[in-house]
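To start, the structure itself, in structure tokens.
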Amino acid sequence: MAKAKTINLLLEDGSLDGLITIADSQWNSGELYSVPRERAESILSSEAVKKFGVYMLLSQKMVYVGQASDLSRRIKQHIVGKDWWERVIVLTTTDDSLNRSDIDYLESVLIKKANDNNRLDTDNKNKGNKIKVTKFRKVELEQYLEEALFLMQLIGVDVFSMTKRDRIISSVPKSSKANIEIRAKREAARFLSEKGITLNKKYTYAKKQDGQDYYWANPKISFLKESWSIVLNDQNLQELIVLMIPANTFVLANESEEGLYTRTDKEYYIDLKIDSKTLIDKRSRINFTPFIVNRVKYGK
């Protein structure tokens, strides 16, 4: 029989549209914070985000998972560096009892869960740092995570939970999964390969963000020196647009020369925001239309 529990919910401004703090009686020192992007500044000065913990940037269908010993600094960077997310959630403890190995483990598990559900942001390619927790600590962290996932479901976060539709898709053989819906980079590459389209070794994948009019991608600046491919996924039209960029076609923008821009928080990544209608990069104004080599439909 399940044990009864009490859940403490603090609405900082009296509504669900502001900063929310949640804890429950079975979570020991665990604590969850949730705040909309437009109110994210309200959490940056809080003591809660000056601890070890895990953070999640969320839209309705996508999540980016990260961890830090100074959560305030990392969230501030993402306010500038990423513009697709709508809410940030922080998992930490009231007594700052998580350490570096703990948050490495929690980040890795959450990344895997989101990736298994095809909800992981394409920029979240790493699978977390090497796990160094003991088998005893692992049990404690699994208990911590179980409560955290329960509380996230309580406030409507389902990117870590496999829906009935997800289970149907995951049961389809890999060779035909792409025919249902192209949702991830590896599925798009596999589908194109089945159609006889070979991508360059260096390739970038981006899908149009929900409610946005552009494809956002962050290829490494090293790609500029090699031939590389860009795959744009228009899920509304169920179409993959394949671009081939010859080596040394573009340069980085500087004071004397026009070119592609880098991210403000990670200067070794290019910041591409390609307009979904014109295929013109919103920052550099470079037109990518001349580099289209294929348009492939994947719907029924």
Could you tell me if the side chain of [Y] sits less than 4.5 Å from the side chain of [X], heavy atoms only?
X	Y	answer
Leu19	Arg39	no
Val63	Leu57	no
Val231	Leu199	yes
Leu243	Phe288	yes
Glu86	Pro36	no
Ile89	Ile155	yes
Gln67	Asp104	yes
Ile79	Val88	no

**Request:** Using the side-chain contact (heavy atoms from CB on, under 4.5 Å) rule, take Leu279 and Tyr215 through it: C-alpha gap first, then chi angles, then the decisive distance, then the call.
**Result:** CA-CA 9 Å; Leu279 296 191; Tyr215 302 97; 4.2 Å; yes
Atom pair [atom1]/[atom2] of [X] and [Y] - distance to nearest 0.5 Å:
X	Y	atom1	atom2	answer
Leu9	Ile20	CG	CD1	6.0 Å
Ile75	Met56	CD1	CE	9.5 Å
Asn115	Phe160	CG	CZ	11.5 Å
Glu147	Leu149	CD	CG	9.5 Å
Ile230	Met244	CD1	CE	10.5 Å
Asn200	Lys202	CG	NZ	11.0 Å

If you count heavy atoms of other groups shown closer than 6.0 angstrom to [atom1] of [X], is the number above 12?
X	atom1	value
Glu267	CD	no
Lys282	NZ	yes
Glu142	CD	yes

Residues in side chain to side chain contact (heavy atoms under 4.5 Å, CB included) with [X], at least two apart?
X	answer
Thr21	Leu10, Glu12, Glu31, Tyr33
Asp70	Ser72, Arg73
Val133	Ser101, Asp102, Tyr105, Ile131, Arg137, Lys138, Leu141
Lys51	Thr92, Asp96

Starting from [Y], can I reach [X] by hopping between I/L/V/M/F/W/Y residues whose side chains sit under 4.5 Å apart?
X	Y	value
Val139	Leu91	no
Leu32	Ile7	yes
Leu232	Leu260	yes
Val251	Tyr261	no
Leu252	Ile280	no

For the pair [X] (side chain) and [Y] (backbone), establish whether a donor and an acceptor sit closer than 3.5 Å, ignoring hydrogens and angles.
X	Y	value
Asn117	Arg119	no
Asp213	Ser276	no
Ser25	Lys5	no

[X]: partners by side-chain hydrogen bond (donor to acceptor under 3.5 Å, both in side chains), with sequence neighbours left out:
X	value
Asn287	Thr289
Glu38	none
Ser34	Arg87

Any idea which heavy atoms bring [X] and [Y] closest together, and the distance?
X	Y	result
Ile103	Ser69	CD1-N, 4.4 Å
Arg100	Ala68	NH1-CA, 4.5 Å
Met62	Leu120	CG-C, 4.2 Å
Gly30	Ala23	O-CB, 3.8 Å

**Test log, rule side-chain contact (heavy atoms from CB on, under 4.5 Å), inputs Leu240 and Asn294** = CA-CA 8 Å; Leu240 296 177; Asn294 291 101; over 6 Å; no
[X] and [Y]: side-chain donor and acceptor closer than 3.5 Å?
X	Y	result
Tyr55	His78	yes
Gln153	Asp158	no
Trp85	Asp121	no

What pairs with [X] under ring pair (Phe, Tyr, Trp, His ring centres under 6.0 Å), at least two apart in sequence or on another chain?
X	result
Phe52	none
Trp27	Tyr144
Phe291	Phe250

**Message:** Does this structure show an ion pair linking Lys273 with Asp281, if we count only N-O contacts that are shorter than 4.0 Å?
**Reply:**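 Result for this pair is no, no salt bridge flagged.
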**Request:** Go through the steps to decide whether Leu58 and Val159 satisfy the test side-chain contact (heavy atoms from CB on, under 4.5 Å), and finish with yes or no.
**Result:** CA-CA 9 Å; Leu58 293 140; Val159 293; 3.7 Å; yes
**Item:** Trace of the side-chain contact (heavy atoms from CB on, under 4.5 Å) decision for Thr262 with Asp271
**Value:** CA-CA 5 Å; Thr262 58; Asp271 192 13; over 6 Å; no
**Request:** Answer yes or no on whether Lys195 is positioned over the face of Tyr298, meaning its NZ or CZ is under 6.0 Å from the six-membered ring centre and within 45° of the axis.
**Result:**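 So Lys195 doesn't make the cation-pi contact.
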**Pairs satisfying salt bridge (charged side-chain N to carboxylate O under 4.0 Å, His left out), at least one member in residues 232-251, at least two apart** =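 Checked against salt bridge (charged side-chain N to carboxylate O under 4.0 Å, His left out) - neighbours excluded - the pairs reaching residues 232-251 are Lys208-Asp234, Glu239-Arg295.
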Going by atom type alone, with no hydrogens or angles, which donor-acceptor pairs under 3.5 Å involve a side-chain atom of residues 219-227 and a protein atom two or more places apart or on another chain?
none

